[in-house]
There are 2 protein chains.
Amino acid sequence: MLASISVWFSLMVLGCAEQPRQVERFGMAIGLKTDGIDEYKRLHADVWPDVLRMIRECNIHNYSIYLAEIDNDEYCLFGYFEYTGEDFKKDMEKMKADPATRRWWKHTDPLQFKLPAAGEDEWWHNLQEVFHAD
Amino acid sequence: MLASISVWFSLMVLGCAEQPRQVERFGMAIGLKTDGIDEYKRLHADVWPDVLRMIRECNIHNYSIYLAEIDNDEYCLFGYFEYTGEDFKKDMEKMKADPATRRWWKHTDPLQFKLPAAGEDEWWHNLQEVFHAD
């Protein structure tokens with residue numbers, strides 16, 4: 001009996017030990033047209049469930065987007081998310097191939113514009129992390 | 001015996017259940033002078049331990065700062081952090097009163113500039129969250 005309790009205890013402890021999750025952080029930015037702000041907000045107040053599902057399936061978590069008035073009447077969006085998968089490029093290709101996400105982007109892309117600093121292969125511009133504290 | 005195992009089991013489950021931590025997310029932005037970029041990066045590659053300690057003591061976690069070239073040769077910083085305390089204003093006053101943090105800001109403040117959209121009581125401009133997915 002004591003032995004079985006001991007095994008049970010060990011399993012319980014193992015069961016609740018949190019697995020260290022590997023997290024890669026991303027910060028990104030893109031321009032937002034002044035006359036696109038209202039529509040962008042409207043869309044993001046009620047993001048399609050299929051789009052949210054694909055975000056999760058592509059191992060993206062804790063994803064926030066902020067609106068910033070960066071100069072007088074000039075706006076951009078800042079995004080922050082945490083990636084927990086093992087192949088970011090592959091997951092992004094999966095997202096790009098998802099029909100619901102592609103339809104979603106047909107609504108959001110015309111509201112945005114690429115920043116001058118964004119590379120040829122970028123839409124959102126990937127930002128350099130200069131500080132992090134857990 | 002069964003009763004005591006049952007109590008023990010209940011305690012174990014309670015013991016490993018994660019406490020839901022209340023998290024308030026913040027996104028913020030500030031300008032960075034072009035000729036301040038190198039010094040800002042140098043400082044933030046090795047932030048003073050007393051400054052990091054005060055950040056933690058003020059209940060700020062998962063704090064990242066990104067550098068963004070927002071237009072040709074125009075830069076800003078995008079900050080993201082999670083606040084887990086119960087009185088943000090009080091914690092920020094504590095931080096502002098900390099001698100090490102005040103000395104730190106004497107190095108970083110001259111490298112930055114307020115965005116036009118920032119309020120009178122702001123240095124970093126607090127941004128509006130338009131989207132979040134866990």
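Protein chains get the first letters and strands the later ones, always in sequence-line order, with residue 1 at the start of each.
Looking at F26(B), only its backbone comes within 4.5 Å of chain A, counting heavy atoms on both sides. Contact annotation for I70(A): both backbone and side-chain heavy atoms come within less than 4.5 Å of a heavy atom of chain B. In this structure, the portion of A29(B) lying under 4.5 Å from any heavy atom of chain A is its side chain and not its backbone. Of the two parts of L52(B), only the side chain, counted from C-beta on, holds a non-hydrogen atom closer than 4.5 Å to a non-hydrogen atom of chain A. For a residue to count as touching a neighbouring chain, one of its non-hydrogen atoms must lie under 4.5 Å from one of that chain's; by this rule Y40(B) touches chain A with the side chain only.
In terms of heavy-atom pairs under 4.5 Å with chain A, the best-connected choice from Q128(B), H44(B), E69(B) is Q128(B). The most heavy-atom pairs under 4.5 Å with chain A, out of S64(B), G31(B), C76(B), A118(B), come from S64(B). Comparing G79(B), P116(B), A117(B) by how many heavy-atom pairs each has under 4.5 Å with chain A, the most go to P116(B).
Between K96(B) and E93(B), none of the side-chain N atoms (NZ, or NE/NH1/NH2) sits under 4.0 Å from a carboxylate O, so this pair counts as no salt bridge.
Taking a 6.0 Å sphere around CZ of R53(B), one finds it holds more than 12 heavy atoms contributed by other residues, nucleotides or ligands.
Between F81(B) and F88(B), the angle of the ring planes stays under 30°, which puts this pair in the parallel group of the 30/60° scheme. Using a 30° and 60° split on the angle between ring planes, F78(A) and F78(B) fall in the parallel class, below 30°.
Distance check: L67(A) CG to L77(A) CG gives 6.0 Å after rounding to the nearest 0.5 Å.
Residues N62(A) and Y80(A) meet the side-chain proximity criterion, which asks for heavy atoms closer than 4.5 Å.
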